[in-house]
Protein chains: 2
Amino acid sequence: MSIKYAILGFLSWTPLTGYDLKKLFEEAAVFHWSGNNNQIYKALVELHNDGLLTLEVQPQADRPPRKIYTITERGMAALRAWLLSAPELPQVKQTFLVQLAWADQLSPPELEALLNQYDEELRVQLLMFQTHRERGKVSPRRTTREAYLWDMLMDNWIAYYENERRWLERLRAGLSSLPPEGEP
Amino acid sequence: MSIKYAILGFLSWTPLTGYDLKKLFEEAAVFHWSGNNNQIYKALVELHNDGLLTLEVQPQADRPPRKIYTITERGMAALRAWLLSAPELPQVKQTFLVQLAWADQLSPPELEALLNQYDEELRVQLLMFQTHRERGKVSPRRTTREAYLWDMLMDNWIAYYENERRWLERLRAGLSSLPPEGEP
DNA sequence: CAAATCATGTAATGTGTTACATGATTCG
DNA sequence: CGAATCATGTAACACATTACATGATTTG
């Protein structure tokens, strides 16, 4: 896809500036974007050229003018069409798995240290999402269903990290019950 | 990271050509690379320039010469250093979650259809990995531990898809028990 | 006084994919 | 006879990140 549909999504709630969107992406940890300028401002220009957004410029003294983008009917239609389109499979990049693939070159304590580090990183991340969830951050959600869906977005990440840690535990257990050296 | 360490990993087993590596990446579904040329051939040139690989060219009649790359001691050291370095967190891009985020704009049957499609895609992918696992594909693994680790790579993916499907089920269950219309 | 906030934007770089190009050989 | 295999490589593009640039204002 691209970040464009997420932008259309936010704008389907209310008109926003590029700067507003940047902050929304930074807050919304459920999405995979860091909230970098380059993409957002470029995408806004393109969406505007495609007639999916309209633009109102508010000049300000001593600051750059605010450019407020509003979604058009065509924009709403494009968003809706995308919402109905076939979902993509998740894309997962697990550098850690590449490390593991050749981790047989490490000694048992070195491997153990590696696993411990990974587990610790997962633990921290999990904690972050869990606390983040309690203050139900980000944006005006209006229906029960919408609130539920957004909660489940968070839940997806939490479930992901929990599952990853369970897998690690199994990996550890299996390792410790391997025969001490060599063959089959 | 980059694909470079995975290449060093394969070459730590045995010398290979770019073409060999391409096929290995295509087979090794546990990694997230499609096995595209561009990256592999470029990476090989760079690794060679950095002195991590040596190169032997075997001319062939009527075919491009085979370029056989062998890992050097510096290459082995670089690989080992990377294996010991702190693991990165997984990078997950869930386009589907972005769709869900604004799926409140869909009618109940439309949303249900979306969930069904996603579930079906997960199911197919899961089946693929499960059958792939049975014929324990890819490469000469020599120690019990190495064989175990590679099996657990597969297992990680299977666990991922299974977890994702469980989450979907919970989502469905929660949806069906929401109040029919409106407020908090 | 330093840092964060507001608000726009550009430049450079990394990572990854698809498609194109060549050209003989072998397989279905 | 068309497709796949072998074997190299390039070109174009998509997506994403970090860092740079400007410049006033507010906050710690």
Side-chain angles (χ1 to χ4, degrees), chain A residues 1-8 10 15-50 53 55-69 82 88-95 98, chain B residues 1-7 10 15-29 31-50 53 55-69 82 88-95 98:
Chain A
M1 66 159 297
S2 80
I3 204 172
K4 285 186 184 175
Y5 292 105
I7 290 175
L8 286 178
F10 280 124
L16 296 166
T17 68
Y19 188 74
D20 294 331
L21 283 163
K22 178 185 158 72
K23 282 187 300 179
L24 283 171
F25 279 112
E26 274 163 9
E27 278 175 55
V30 274
F31 302 141
H32 52 265
W33 294 283
S34 66
N36 80 94
N37 281 354
N38 211 335
Q39 257 184 307
I40 293 168
Y41 285 110
K42 268 199 180 113
L44 284 171
V45 169
E46 286 171 22
L47 288 168
H48 182 240
N49 287 343
D50 292 349
L53 305 180
L55 168 60
E56 189 200 347
V57 183
Q58 286 187 347
Q60 302 182 110
D62 56 271
R63 293 210 180 164
R66 304 184 79 221
K67 297 189 173 180
I68 301 167
Y69 291 94
W82 179 73
E88 291 172 31
L89 283 169
Q91 282 177 42
V92 185
K93 296 189 191 168
Q94 287 255 53
T95 300
V98 183
Chain B
M1 67 156 305
S2 79
I3 204 173
K4 286 186 184 176
Y5 291 106
I7 290 176
F10 281 123
L16 295 166
T17 68
Y19 188 72
D20 294 330
L21 284 163
K22 178 187 157 71
K23 283 188 301 177
L24 283 171
F25 279 112
E26 274 164 8
E27 279 174 55
F31 301 142
H32 53 265
W33 294 284
S34 67
N36 80 95
N37 283 352
N38 210 337
Q39 257 183 307
I40 293 169
Y41 286 111
K42 269 200 181 110
L44 284 171
V45 168
E46 286 171 21
L47 288 168
H48 183 241
N49 288 342
D50 293 350
L53 305 180
L55 168 58
E56 187 201 348
V57 183
Q58 286 186 345
Q60 303 182 111
D62 56 270
R63 293 209 181 164
R66 304 183 78 220
K67 298 190 175 178
I68 300 168
Y69 290 93
W82 179 73
E88 291 173 30
L89 283 170
Q91 280 178 41
V92 185
K93 295 188 192 170
Q94 288 255 53
T95 300
V98 183

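The structure presented is a predicted model; accordingly, all values stated were derived computationally and were not measured. In the text below, chain A, chain B and the rest are named by the order of the sequence lines, each starting its count at 1.
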Minimum heavy-atom separation for [X] and [Y], please, with both atom names.
| X | Y | value |
| --- | --- | --- |
| A:I40 | A:K22 | CD1-CA, 3.6 Å |
| B:G35 | B:F25 | CA-CB, 3.8 Å |
| B:H32 | A:Q94 | ND1-N, 3.8 Å |

Could you state the interatomic distance from OH (A:Y41) to CG (A:L21), rounded to the nearest 0.5 Å?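 Reported value, rounded in 0.5 Å steps: 9.0 Å.
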Residue-phosphate contact under 4.0 Å: [X] side-chain N/O, [N] OP1/OP2:
| X | N | value |
| --- | --- | --- |
| A:Y19 | C:dT8 | no |
| A:Q60 | C:dC6 | no |
| A:N36 | D:dT17 | yes |
| B:K23 | D:dA7 | no |
| A:T17 | C:dA7 | no |
| A:R63 | D:dA24 | no |

Walk me through it: do B:D20 and B:R66 pass the test side-chain contact (heavy atoms from CB on, under 4.5 Å)? CA-CA 10 Å; B:D20 294 330; B:R66 304 183 78 220; 4.0 Å; yes
Can you tell me how far [atom2] of [N] sits from [atom1] of [X], to the nearest Å?
| X | N | atom1 | atom2 | answer |
| --- | --- | --- | --- | --- |
| A:F31 | D:dT17 | CZ | C1' | 19 Å |
| A:L16 | C:dC6 | CG | P | 14 Å |
| B:N37 | C:dA21 | CG | C1' | 11 Å |

Return the nearest nucleotide to the side chain of A:R66; candidates are C:dT15, D:dT8, C:dA7.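 Of C:dT15, D:dT8, C:dA7, C:dA7 is nearest to the side chain of A:R66.
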Identify whether any heavy atom of B:K22 sits under 4.0 Å from a base atom; if not, whether one sits that close to sugar-phosphate; answer base, sugar-phosphate or nothing.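 No contact.
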With a non-hydrogen cut-off below 4.0 angstrom, is A:D62 in contact with a base, only sugar-phosphate, or nothing?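 Sugar-phosphate contact only - A:D62 comes under 4.0 Å of backbone atoms but never of a base.
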Evaluation steps, side-chain contact (heavy atoms from CB on, under 4.5 Å), between B:L44 and B:T17: CA-CA 9 Å; B:L44 284 171; B:T17 68; over 6 Å; no
Start with the C-alpha gap between B:V98 and A:W82, add the side-chain angles, then the distance that decides, and say whether side-chain contact (heavy atoms from CB on, under 4.5 Å) holds. CA-CA 10 Å; B:V98 183; A:W82 179 73; 3.8 Å; yes
Please figure out whether B:D20 or B:K93 has its closest DNA chain D nucleotide nearer the 5' end.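 That would be B:D20.
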Please list residues of residues 39-50 of chain B whose heavy atoms come under 4.0 Å from any atom in DNA chain C, ordered by number; otherwise none.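 Going residue by residue through residues 39-50 of chain B, the ones with a heavy atom under 4.0 Å of DNA chain C turn out to be B:Q39.
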Check if the side chain of B:N38 and the base of C:dT17 share a donor-acceptor pair of N or O atoms closer than 3.5 Å.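 Under the 3.5 Å cut-off, the side chain and the base do form a donor-acceptor pair.
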